[in-house]
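Residue numbering restarts at 1 for every chain, and letters A, B, ... go by the order of the sequence lines. It should be emphasised that the depicted structure is a prediction, and the values quoted were computed from it without experimental measurement.
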There are 2 protein chains.
Amino acid sequence: MTPASARSPTRVHLRHFSKSLPMSLLRAREAVMRHFRPSLRRHGLTEQQWRVLRALATVPDIEVAGLARATFLLGPSLSRILQDLEGRGLIRRAASPGDLRRGVISITAAGAALIETVTPSSEAIYRAITQRFGAEKLAALQALLRELEEAVADLDTALPDDEPQAALPHAGKAVR
Amino acid sequence: MTPASARSPTRVHLRHFSKSLPMSLLRAREAVMRHFRPSLRRHGLTEQQWRVLRALATVPDIEVAGLARATFLLGPSLSRILQDLEGRGLIRRAASPGDLRRGVISITAAGAALIETVTPSSEAIYRAITQRFGAEKLAALQALLRELEEAVADLDTALPDDEPQAALPHAGKAVR
DNA sequence: CCGTTTCGTTTAACACGTTAAGTACTTAGC
DNA sequence: GCTAAGTACTTAACGTGTTAAACGAAACGG
């Protein structure tokens, strides 16, 4: 576990920038997810596929758009995931009668069974984390995160979108 | 902005599971990053490329492994990013004399110039977020995040790794 | 020395994140 | 009804996340 580059003297601060808010959130999330991934992986599921299955387990069925919001996945990602899960027989899809554009997703018996297989270890990990960190601190953290979310959402209305800067074709060789 | 699926009655709870800690962290981070991405994108940079450049700006040079830790990127991702940035002339790489395995990375004048171009808007956004959310709350949040990170890191030693479960070849059609 | 092991980094493979464009269906206007 | 606009979802393209394997260079053991 000892870091491999404890020799070059060129590591003066670098620390200060890993304290930025996005980095802190990323690190914390990664530290948590590190514990869940192995268990999911043993059952052939990614974190996002697991989110989809869990969301589906709470309702009889749901449209794709609603599922995207519930799982916090973007449309394209969800589209790929649903194809995969459908191919494995874990979910089922049907067209909404009355609006053939809408797809209605529901979990299959196999999907529900998989959830029951994975849930125990998943919840055990969550309990261990809660206990280690403290239930009150966890609640406080969740509250702060929610407040942060709302605060920065309001920024959308405060600033126009980003900055007053004309849409100049940027000089570099591009993002796409 | 009005959600598109306010019609199907199948949206009973679903809420409860978006309150899980990983989801909260993900949502909060995404809410913050949403404000930074457009600015970076206009300059032809992704969030991760920006992390690399910023880290390089704080030291004369650094080895790849050290840079990976500083930017919280995994080796493979960093490897790809460095190839890209080198191709654009924003960074420079050399082999470490005395150990040819190690690559030593440093920023170029062009890279430094790009940083100076992007930094103002980036810091303006950060200031706006700080002001909106409150500096004290921000500090409290950062502290909690750090504690969480440490708490769950300790879990590694508490539990063996995950679970007492033999390495059975999992039945599904696999993750890979 | 020479084979083996270890180390630092890169490649490979597959899944997701992100943006833009496409497709199929529906609705509104005329 | 026929077209134009909008809506729900999918495809496409490219970059990153994640794991495993490959590769070259260094350290070690005999």
Side-chain angles (χ1 to χ4, degrees), chain A residues 2-8 26 29-30 33-34 36-38 40-42 44-52 62-69 71-88 93-105 173-176, chain B residues 2-8 26 29-30 33-34 36-38 40-42 44-52 62-69 71-88 93-105 173-176:
Chain A
T2 37
S5 78
R7 73 194 49 160
S8 98
L26 179 60
R29 184 180 142 81
E30 180 52 32
M33 283 311 304
R34 180 186 301 281
F36 287 98
R37 258 189 286 268
L40 291 176
R41 193 157 204 291
R42 276 200 296 271
L45 289 174
T46 66
E47 177 202 336
Q48 292 83 355
Q49 293 166 348
W50 176 240
R51 291 217 299 266
V52 170
I62 188 172
E63 292 172 2
V64 175
L67 186 55
R69 277 198 313 285
T71 56
F72 206 66
L73 291 169
L74 292 179
S77 294
L78 181 56
S79 199
R80 288 180 298 224
I81 291 171
L82 291 180
Q83 287 175 2
D84 183 352
L85 296 182
E86 186 182 18
R88 290 200 243 172
R93 56 200 313 168
S96 173
D99 189 343
L100 299 181
R101 293 170 303 182
R102 299 170 187 274
V104 177
I105 314 295
K173 57 220 32 162
V175 180
R176 170 135 327 177
Chain B
T2 38
S5 77
R7 74 194 49 161
S8 96
L26 179 59
R29 185 180 142 80
E30 180 52 33
M33 283 312 302
R34 181 186 298 282
F36 286 99
R37 259 190 286 267
L40 291 176
R41 195 159 202 289
R42 277 200 296 272
L45 289 174
T46 66
E47 178 203 335
Q48 293 83 353
Q49 293 166 350
W50 176 238
R51 291 217 300 266
V52 170
I62 188 172
E63 291 171 3
V64 174
L67 187 55
R69 277 197 314 284
T71 56
F72 206 65
L73 291 169
L74 293 179
S77 295
L78 182 56
S79 196
R80 290 179 298 224
I81 291 171
L82 291 179
Q83 288 175 2
D84 183 351
L85 297 181
E86 186 181 19
R88 291 199 242 173
R93 58 200 311 169
S96 172
D99 189 341
L100 298 183
R101 292 171 303 182
R102 300 169 187 275
V104 176
I105 313 295
K173 55 219 32 156
V175 180
R176 171 136 325 176

Just the rounded figure in Å: distance from C1' of C/dC16 to CD of B/E47.
14 Å
To the nearest 0.5 Å, what is the distance between CZ on B/F72 and CG on B/L74?
8.0 Å
Check the phosphate of D/dT18 against B/S77, side-chain N and O only, distance under 4.0 Å to OP1 or OP2. Yes or no?
no
Drop me the distance from B/M33's CE to B/L40's CG, to the nearest 0.5 angstrom.
6.5 Å
Could you work out, with salt bridge (charged side-chain N to carboxylate O under 4.0 Å, His left out) as the rule, every residue matching A/E86, not counting sequence neighbours?
A/R93
Rounded distance in Å - CZ (B/R41) to P (D/dC14):
12 Å
What contact category does A/L78 fall into here, base, sugar-phosphate, or nothing, at under 4.0 angstrom with non-hydrogen atoms?
nothing
Flag the pair B/L26 / A/R51 as yes when at least one side-chain heavy-atom distance between them is below 4.5 Å, and no otherwise.
yes
For D/dG17, does either OP1 or OP2 sit under 4.0 Å from a side-chain N or O belonging to A/Q48?
no
Judged by each residue's nearest nucleotide on DNA chain C, which is more toward the 5′ side, A/Q49 or A/P76?
A/Q49
Identify, between A/L26 and A/V104, the residue whose nearest nucleotide on DNA chain D lies closer to the 5' end.
A/V104
When rounded to the nearest 0.5 angstrom, what distance separates CZ in B/R88 from CD in B/Q49?
4.5 Å
Rounded to whole Å, the CG-C1' distance (B/L45 to D/dT16) equals 15 Å
If you check the B/V64 side chain, which of C/dC7, C/dC16, C/dT9 turns out closest?
C/dT9
Closest to the A/R37 side chain, choosing from D/dT18, D/dT16, C/dT10
D/dT18
Could you state the atom-to-atom distance from CD1 of A/I81 to C1' of D/dT11 in whole Å?
15 Å
Qualifying residues under side-chain hydrogen bond (donor to acceptor under 3.5 Å, both in side chains), relative to B/E30, sequence neighbours excluded:
B/R37
For atom CG of B/D84 and atom P of D/dA13, their distance in whole Å:
19 Å
Rounded to the nearest 0.5 Å, the CG atom of A/L78 sits from the OG1 atom of A/T71 at a distance of 5.5 Å
Any idea which of C/dC25, D/dA26, C/dG17 is nearest the B/D99 side chain?
D/dA26
Rounded to whole angstrom units, what separation is found between the CG atom of A/L73 and the P atom of D/dT10?
13 Å
OP1 or OP2 of D/dT10 versus the side-chain N and O atoms of A/R93: is any pair under 4.0 Å?
yes
Phosphate OP1/OP2 of C/dG8 contacted by B/R102 side-chain N/O (<4.0 Å):
yes
Taking CD from A/E63 and P from C/dC25, how many angstroms apart are they, rounded to a whole number?
16 Å
Check A/D84, A/I105, A/L82, A/L45 against A/V52 for a side chain to side chain contact (heavy atoms under 4.5 Å, CB included) and give me the one that passes.
A/L82
Among D/dG17, D/dA20, C/dG17, the one nearest A/R80 by side-chain distance
C/dG17
Just compare D/dT18, D/dC9, C/dG17 and give me whichever is closest to any side-chain atom of B/L74.
D/dT18
Note down the inter-axis angle between the two ends of the helix from C/dC1-D/dG30 to C/dC30-D/dG1, five pairs each, to the nearest 10°.
10°
Separation of A/I62 atom CD1 from D/dA8 atom C1', in whole Å?
14 Å
What's the closest nucleotide to the side chain of A/R101 if the choices are D/dC9, C/dC25, D/dA26?
C/dC25
Of the nucleotides D/dG17, D/dA25, C/dT11, which one has an atom closest to the side chain of B/Q83?
C/dT11
